[in-house]
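Beneath this line is the structure, given in structure tokens, with notes to follow.
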Amino acid sequence: MRKLPKFILTVAAAGALTVGMLPLSACSSSGKEVVLRVSNWEEYIDLGDWDDDELIEIDNPYAPELGGVIGINSIVDDFTEWFNNGDHGFNIRVEYSTFGTNEDLYNRLNLGDTYDLVCPSEYMIMQLVNEGRVEKYSESFHDKNIQTNYYARNVSPYIDGVFTENGWKEYAACYMLGTTGIVYNPEIVSAEDVSSWSVLKNPEYKRQVTVKDNVRDAYFATLGILNAEELLGESITSARRSELLNSTHDDTIAAALDILKDIKNNVYSFETDSGKADMITGKVVANYQWSGDGVFIMDEADDDTNNPTELWYSVPDECTNLWFDGWVMLKDGINGDEQKRTAAEAFVNFLSRPDNAIRNMNYIGYTSSIAGDPNEESSMIFDYLEWNYGAENDGNTTLYDYDVSYFFGKECSVAADIETLEIGDDGSINRGRQLFAQYPPKNVIDRSVVMLDFGDRLSAINQMWINVRCLDVKDFNPAVVWTVVSLIVVGVAAIVLYKFRYQIFYRTPKKDNSDK
Amino acid sequence: MKVKLRFSRSQLCIPYAAFLILFVIAPLLVIVYYAFTNGQGHFTFDNFINFFSNTNTIGTLLYSMLLAITATLICLIIAYPTAYILARSGFKKQHVLLLLFILPMWINFTLRITALKEVLSVIEGNISLHPFLNSVIGMTYDFLPFMILPLYTSFLKLDKSLLEAASDLGANKFFVFLNVTLPLSVPAIVSGITMVLLPSMTNYVVLDMLYNSTFIMGSLIGSYFSAKDWHNGSMISLILLIIIFIVTIVTNRFSDKDTDARRTVL
């Protein structure tokens with residue numbers, strides 16, 4: 001105890017020394033350099049280093065000397081170089097870090113990490129906006145007349161519409177988007193079965209389907225099953241659809257719990273990442289996926305040297321969750337610093353430059369929000385789409401005009417191989433391969449729902465999810481319970497017997513000892 | 001000189017004292033604070049009541065105990081004869097043999113479980129059909145060395161003259177084992193049990209990797225924390241801590257009692 005004050009003093013002195021030096025060293029190293037702290041999902045940006053044969057052969061007005069689009073350096077390095085070569089009056093350095101889940105990011109922000117620019121999903125953006133933590137984009141960011149405002153000029157008019165409609169536009173710039181659906185092996189799972197979310201609890205595929213280990217996705221699919229009848233009806237409106245799939249009433253939650261328990265007893269696993277590998281290797285026949293990961297799985301399964309499999313992606317008939325990841329600036333980080341704001345907005349714009357959007361899209365498999373300026377004659381993104389998915393009419397292939405007009409804001413369609421799409425009698429397309437997963441057709445978008453933040457119902461839904469995953473005492477097998485109880489009784493009896501063995505089995509061993 | 005020596009000795013404690021305060025006592029106080037407060041920071045017993053009034057959380061406690069007890073028993077059944085044979089065999093290369101059992105500990109845990117998963121898939125086909133069995137195998141695989149090591153050391157240290165004395169006094173091999181070897185190895189059994197039982201109640205990574213979708217205590221705490229519910233999560237951590245504390249006290253009593261017993265036997 002005597003030494004404690006001395007010890008505290010030492011620690012305090014050391015602490016003071018370190019703290020005192022921090023600002024000093026920060027000052028000396030940065031100079032005029034502004035540090036932009038960016039946090040993004042893991043593996044959610046192009047890291048460059050492509051092989052030469054990965055060149056995307058389309059016209060690239062931003063770097064004609066490359067003869068196409070190719071990632072040589074990482075996007076972050078390219079951005080730093082691009083920005084510092086520009087006429088901004090200051091230099092920047094990007095501190096890039098990653099997070100695993102939205103909740104992970106949120107917890108980190110609450111624990112005191114500060115970032116200037118982050119890329120959470122729409123519901124987390126809503127939560128951060130509601131908590132007043134998000135810095136609005138500047139007026140000039142949305143000015144289409146400025147040449148370097150690549151986001152404002154190139155964002156898909158459809159996405160822009162969704163963001164305006166939901167009131168997100170001034171806070172967030174969409175980065176990637178996608179749907180949710182089911183990747184399946186068409187040789188084993190029938191199209192009819194995967195046309196409904198209830199495939200997750202279909203006993204025919206017992207322990208052969210994986211589901212995302214994430215309450216939002218699991219809950220969404222469950223609501224799809226729960227409201228299947230009304231969702232499949234003729235008279236459903238998009239407002240009603242949104243209402244049904246965003247319901248957080250106690251009754252809905254209780255009903256969802258029962259369905260989720262069924263699903264739990266039927267699935268192979270609730271997975272965070274292992275589902276991709278299990279699907280590719282054929283351990284499971286169907287898995288609940290986000291569209292971008294679906295594209296990745298289909299690509300990998302096609303290229304699997306041992307056992308190439310043709311997998312498909314299905315969007316169930318009931319509904320699909322249209323989700324977005326967007327860039328938001330945080331007040332804590334920007335802290336009124338105009339230079340930081342400029343740098344953050346420039347970062348978003350650089351990512352939105354069509355060649356960079358293609359690099360990211362090609363690298364990570366998701367769908368970029370960038371479509372290209374609808375008023376311009378050609379769009380690089382559309383060129384990429386054609387280069388990637390367009391089929392040649394070589395006599396054996398039947399072509400189908402795959403319509404993506406809604407996304408590009410002008411009449412356009414890709415000539416796709418009809419074999420990669422399942423076209424219904426009414427012309428709707430509900431299942432298909434990579435093209436279908438990456439750029440969903442209009443009829444899928446029409447039944448898509450944006451899943452909003454749960455708000456103050458979050459804890460009730462989290463508790464429901466915990467209850468699903470826990471084993472209820474009432475669900476225990478009575479035989480097991482009695483075995484355990486009897487084992488414990490026997491164990492306790494054995495311990496007691498052992499402890500008093502001298503009193504019970506031996507007469508008086510202690511006396512013998514003392515006699516000696 | 002003497003004063004100086006003492007001074008440096010107490011200073012030697014500082015690193016550990018600092019560690020203890022920073023990483024054990026302070027977090028523990030934080031856990032206790034969170035366990036008995038609600039979102040508004042008011043004192044409450046609700047978290048405690050929540051745990052014991054929910055059949056799902058009670059079920060989880062039972063399930064984890066069942067899993068942990070089964071894994072521990074299997075570890076004991078495998079480890080006891082193994083350690084006995086290893087230590088008592090006249091085999092000259094017994095260190096090499098021991099190494100074979102310890103070697104898996106040198107390989108990264110995730111890698112081992114991934115390998116186990118593939119092996120089980122080959123044997124069982126679809127591994128998600130036997131979640132409980134797989135979890136028990138995973139835990140046993142993971143914690144077996146922790147059971148073997150203390151037993152092995154205790155058998156090595158065993159005084160051979162005691163065994164000879166027992167045989168001289170007419171005990172056959174079975175009674176020598178029952179009356180001498182077994183009582184003397186009880187402290188080792190106890191320390192082995194503590195080292196296997198407690199981690200296997202919470203090590204949910206094994207369950208996740210082997211596709212057991214049912215929560216055990218560790219995953220329950222983790223899911224409360226990731227749902228930003230620090231209060232219920234802390235309460236469950238605290239309850240687990242108390243259970244562990246009771247188990248430790250009981251087992252320590254048990255092994256202390258046994259040192260007395262050993263003296264009596266002697």
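These values consider heavy atoms only, across backbone and side chains, with no hydrogens, waters or symmetry-generated copies. So that the names make sense, note that chain A is the first sequence line, chain B the second, and so on, each numbered from 1.
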More than 12 heavy atoms of other groups within 6.0 Å of [X] [atom1]:
{"X": "F52(B)", "atom1": "CZ", "value": "yes"}
{"X": "Y204(B)", "atom1": "OH", "value": "no"}
{"X": "F175(B)", "atom1": "CZ", "value": "no"}
{"X": "E118(B)", "atom1": "CD", "value": "yes"}

*Under a 4.5 Å heavy-atom cut-off, does chain B meet the side chain of L458(A), its backbone, both or neither?*
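Side chain of L458(A) only, per the 4.5 Å heavy-atom cut-off to chain B.
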_Using a 3.5 Å distance criterion without hydrogens, assess whether the side chain of R469(A) forms a donor-acceptor pair with backbone atoms of S213(B)._
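Yes, R469(A) side chain to S213(B) backbone: donor-acceptor pair under 3.5 Å.
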*May I ask you to decide if G59(B)'s main-chain N or O and D472(A)'s side chain share a donor-acceptor pair within less than 3.5 Å?*
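Here the side-chain-to-backbone pair does not exist.
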*asked:* Quick check on the interface: out of N54(B), N232(B), L62(B), L220(B), who has the most heavy-atom pairs with chain A under 4.5 Å?
replied: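 Most heavy-atom pairs within the cutoff with chain A belong to N54(B).
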*Between K206(A) and N126(B), which heavy-atom pair has the shortest distance, and what is it?*
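Heavy atoms only, the tightest pair is O-ND2, 4.4 Å.
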*Indicate the atoms forming the closest heavy-atom contact of S121(B) with K283(A), along with that distance.*
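Taking every non-hydrogen atom into account, OG-CE, 3.7 Å.
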About how many Å separate [atom2] of [Y] and [atom1] of [X], when rounded to the nearest 0.5 Å?
{"X": "F215(B)", "Y": "I466(A)", "atom1": "CZ", "atom2": "CD1", "answer": "6.5 Å"}
{"X": "D208(B)", "Y": "E271(A)", "atom1": "CG", "atom2": "CD", "answer": "11.5 Å"}
{"X": "Q463(A)", "Y": "N56(B)", "atom1": "CD", "atom2": "CG", "answer": "8.0 Å"}
{"X": "K474(A)", "Y": "T55(B)", "atom1": "NZ", "atom2": "OG1", "answer": "4.0 Å"}
{"X": "S269(A)", "Y": "M209(B)", "atom1": "OG", "atom2": "CE", "answer": "12.0 Å"}
{"X": "F270(A)", "Y": "N212(B)", "atom1": "CZ", "atom2": "CG", "answer": "11.5 Å"}

_Is there a side-chain contact between I127(B) and Y268(A) in this structure, where contact means two heavy atoms from C-beta onward sitting under 4.5 Å apart?_
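They are in contact (side-chain heavy atoms under 4.5 Å apart), so the answer is yes.
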Quick check on [X] against chain A: is it the side chain, the backbone, both or neither that has a heavy atom closer than 4.5 Å?
{"X": "T70(B)", "answer": "neither"}
{"X": "F225(B)", "answer": "backbone"}
{"X": "L66(B)", "answer": "side chain"}

*Does any donor atom in the side chain of Y211(B) or D278(A) lie under 3.5 Å from an acceptor atom in the other side chain?*
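D278(A) and Y211(B) do have a side-chain donor-acceptor pair below 3.5 Å.
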_At a heavy-atom distance under 4.5 Å, which candidate from N462(A), D104(A), L471(A) has the highest pair count against chain B?_
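The candidate making the most pairs under 4.5 Å is L471(A).
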